[in-house]
Amino acid sequence: MSFSRYATDDSVISSETVVRGLWSGDNNTLSSFFTASTNPGGEYYIDVYQTDPTITGSAVQFDLQYGHIAGSGSVPINPNVRGYSPSRVVYGQYRNLVYGTEDVNFSFDGTTTARQIYVINISRDRYKQALLPGSFNLALGSGSRTIMLTDDSNTTSLTRFIGENRIFYIISGSNGNAFTASAATTYYGIMLPDLGCVILDASGSLTPFIQSASLATGSVQNNYLKLYNSIVSGSVTSPFTLQSSEVISSRYFFTRIKNSEFNYTTNPSIIDSNGNLLYTTLINNPQTYITTVGMYNDNNELLAVAKLSKPLVKDFTKEALIRIKLDY
């Protein structure tokens with residue numbers, strides 16, 4: 001078997017961003033919301049489905065959580081330890097996730113501490129790499145009042161970080177654009193596309209658009225239901241829209257076949273038991289049909305196989321250039 005070695009300039013690396021709908025079925029929009037009759041998350045979170053959870057094909061799209069810096073809004077885990085409650089755990093969990101420390105509290109305007117937060121945590125199997133900035137559109141409604149939220153990815157040319165996490169501020173607008181100039185600097189929360197979550201200020205300017213909920217007075221207080229009710233109400237005006245993005249790296253190999261190469265087949269069925277060609281027309285006019293390119297390492301071990309869509313005729317009068325793409 002003969003081999004041809006790739007030269008340095010026979011390959012090139014490229015990357016491209018692949019975008020798809022985030023919700024089940026690769027849909028960009030989500031306009032129906034369901035919760036299970038029994039919530040496994042208790043006071044910590046609630047799962048939200050695109051269809052009735054009892055129906056085949058129903059899947060968790062995202063979950064909702066409520067956090068409070070001092071543990072208010074939920075019943076203490078241990079009645080003897082005041083303030084140590086699920087809401088405090090949630091607040092601390094996301095504070096550590098975003099800031100990497102317990103010494104910094106959430107602040108969406110840079111000065112005021114956000115003592116309570118809502119979290120929209122996208123189910124991990126809904127996306128491969130990250131949420132797509134500019135595709136986040138969420139309407140929240142309470143009574144006759146509705147607000148449309150988006151990220152501010154199109155209002156700034158800066159890539160902002162908290163620690164190692166990319167962030168975009170949540171503003172009033174759509175498709176990454178603010179509705180007005182003043183709306184571009186009024187922040188309702190942050191979107192962390194690489195962590196797959198949106199954290200909203202549960203107080204302040206969002207309060208008029210958050211519905212009330214029937215909260216249990218016993219062992220469970222489901223404050224996240226306030227956000228859930230507001231999302232359901234807002235979806236009447238506009239569905240929850242979001243996409244995912246994935247950067248796929250590709251390496252292209254350009255397989256160059258000169259006119260003098262690979263014109264003779266190595267298939268043993270071409271000769272008889274005495275070593276004579278069975279097809280005499282190939283004596284003066286040899287030709288082959290290229291169907292496969294095998295890629296080997298220096299130890300002659302087969303690493304990859306590229307199949308052509310149809311056989312490629314090759315003889316001394318033809319040269320070929322086959323482009324092979326490897327995604328990873």
Side-chain angles (χ1 to χ4, degrees), residues 14-36 41 45-65 94 97 118-141 146-156 159 165-179 188-200 209 224 227-250 325 327-328:
S14 179
S15 62
E16 59 182 345
T17 300
V18 177
V19 176
R20 68 178 182 88
L22 186 78
W23 312 119
S24 289
D26 289 342
N27 290 315
N28 296 329
T29 60
L30 184 65
S31 56
S32 59
F33 307 89
F34 295 83
T35 59
Y45 68 90
I46 188 171
D47 289 329
V48 181
Y49 302 76
Q50 87 282 22
T51 58
D52 189 326
T54 61
I55 298 177
T56 301
S58 181
V60 176
Q61 306 299 295
F62 59 90
D63 63 53
L64 300 176
Q65 294 177 270
Y94 284 95
L97 181 66
Y118 287 119
V119 181
I120 303 174
N121 199 338
I122 306 299
S123 178
R124 189 61 186 87
D125 59 1
R126 300 268 64 84
Y127 64 98
K128 289 187 176 181
Q129 185 173 355
L131 310 181
L132 178 65
S135 69
F136 176 76
N137 292 288
L138 175 66
L140 299 179
T146 301
I147 187 172
M148 189 71 180
L149 301 177
T150 189
D151 61 86
D152 69 344
S153 56
N154 292 334
T155 66
T156 177
T159 302
N165 302 310
R166 282 191 304 157
I167 70 160
F168 296 90
Y169 286 103
I170 301 301
I171 58 176
S172 176
S174 63
N175 300 318
N177 299 299
F179 284 139
Y188 299 97
I190 55 175
M191 173 184 179
L192 298 105
D194 301 314
L195 297 181
C197 66
V198 174
I199 300 175
L200 300 175
F209 308 99
Y224 42 64
L227 180 60
Y228 174 78
N229 291 342
S230 302
I231 292 175
V232 172
S233 178
S235 67
V236 176
T237 302
S238 179
F240 190 176
T241 304
L242 195 54
Q243 294 176 309
S244 69
S245 65
E246 177 187 12
V247 177
I248 296 179
S249 297
S250 303
K325 179 184 179 185
D327 292 332
Y328 54 92

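What you are looking at is a predicted structure, and each value in this text was computed from that prediction instead of being measured.
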Quick one, Thr54 with Asp52, criterion side chain to side chain donor-acceptor pair (under 3.5 Å). Give me CA distance, side-chain angles, the key distance, then yes/no. CA-CA 5 Å; Thr54 61; Asp52 189 326; 2.8 Å; yes
side-chain contact (heavy atoms from CB on, under 4.5 Å) between Ser58 and Phe34, intermediate numbers included:
CA-CA 9 Å; Ser58 181; Phe34 295 83; over 6 Å; no
Exercise. Yes or no on side-chain contact (heavy atoms from CB on, under 4.5 Å) for Val247 and Glu16, after CA distance, side-chain angles and deciding distance?
Worked result: CA-CA 6 Å; Val247 177; Glu16 59 182 345; over 6 Å; no
* Going through the checks in order, is the side-chain contact (heavy atoms from CB on, under 4.5 Å) test met by Gln129 and Ser244? -> CA-CA 7 Å; Gln129 185 173 355; Ser244 69; over 6 Å; no
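Among the candidates Ile170, Val198, Ile231, the single residue satisfying the side chain to side chain contact (heavy atoms under 4.5 Å, CB included) test with Leu138 is Ile231.
Rounding to the nearest 0.5 angstrom, the gap separating the CD1 atom in Ile171 from the CG atom in Asn177 is 7.5 Å. How far CG of Leu195 is from CG of Leu131: 9.0 Å, rounded to the nearest 0.5 Å. In this structure, CZ in Arg166 is found 9.5 Å from CG in Leu192, a value given to the nearest 0.5 Å.
The minimum heavy-atom distance between Thr35 and Tyr49, with the atom names listed, is CA-CD1, 4.3 Å. Residues Ser123 and Asp125 share a closest heavy-atom pair of OG-OD1, 2.7 Å. Closest approach of Ala178 and Thr155 over heavy atoms only: N-CG2, 3.7 Å. Closest heavy-atom contact between Tyr188 and Ser172: CE1-N, 3.8 Å. The shortest non-hydrogen separation linking Ala139 to Ser238 is CB-O, 3.9 Å.
No side-chain heavy atom of Asn121 sits under 4.5 Å from any side-chain heavy atom of Tyr45. Residues Thr146 and Leu140 form no side-chain contact, since every pair of their non-hydrogen atoms from C-beta on lies 4.5 Å or further apart.
Aromatic pair Phe62/Phe240: ring centres closer than 6.0 Å.
Seen from the ring of Tyr127, Arg124 counts as a face-on cation partner, given the 6.0 Å and 45° thresholds.
In this structure a side-chain-to-backbone donor-acceptor pair under 3.5 Å is present from Thr150 to Phe136.
Using modelled atom types, one finds no donor on one side chain facing an acceptor on the other under 3.5 Å when comparing Asn27 with Thr29. Ser24 and Gln61 share a donor-acceptor pair across their side chains, judged by distance under 3.5 Å alone. There is a side-chain donor-acceptor pair under 3.5 Å between Asn175 and Asn137. Side-chain contact check for Tyr224 and Asn229: no donor-acceptor pair (N or O, by modelled atom type) lies under 3.5 Å.
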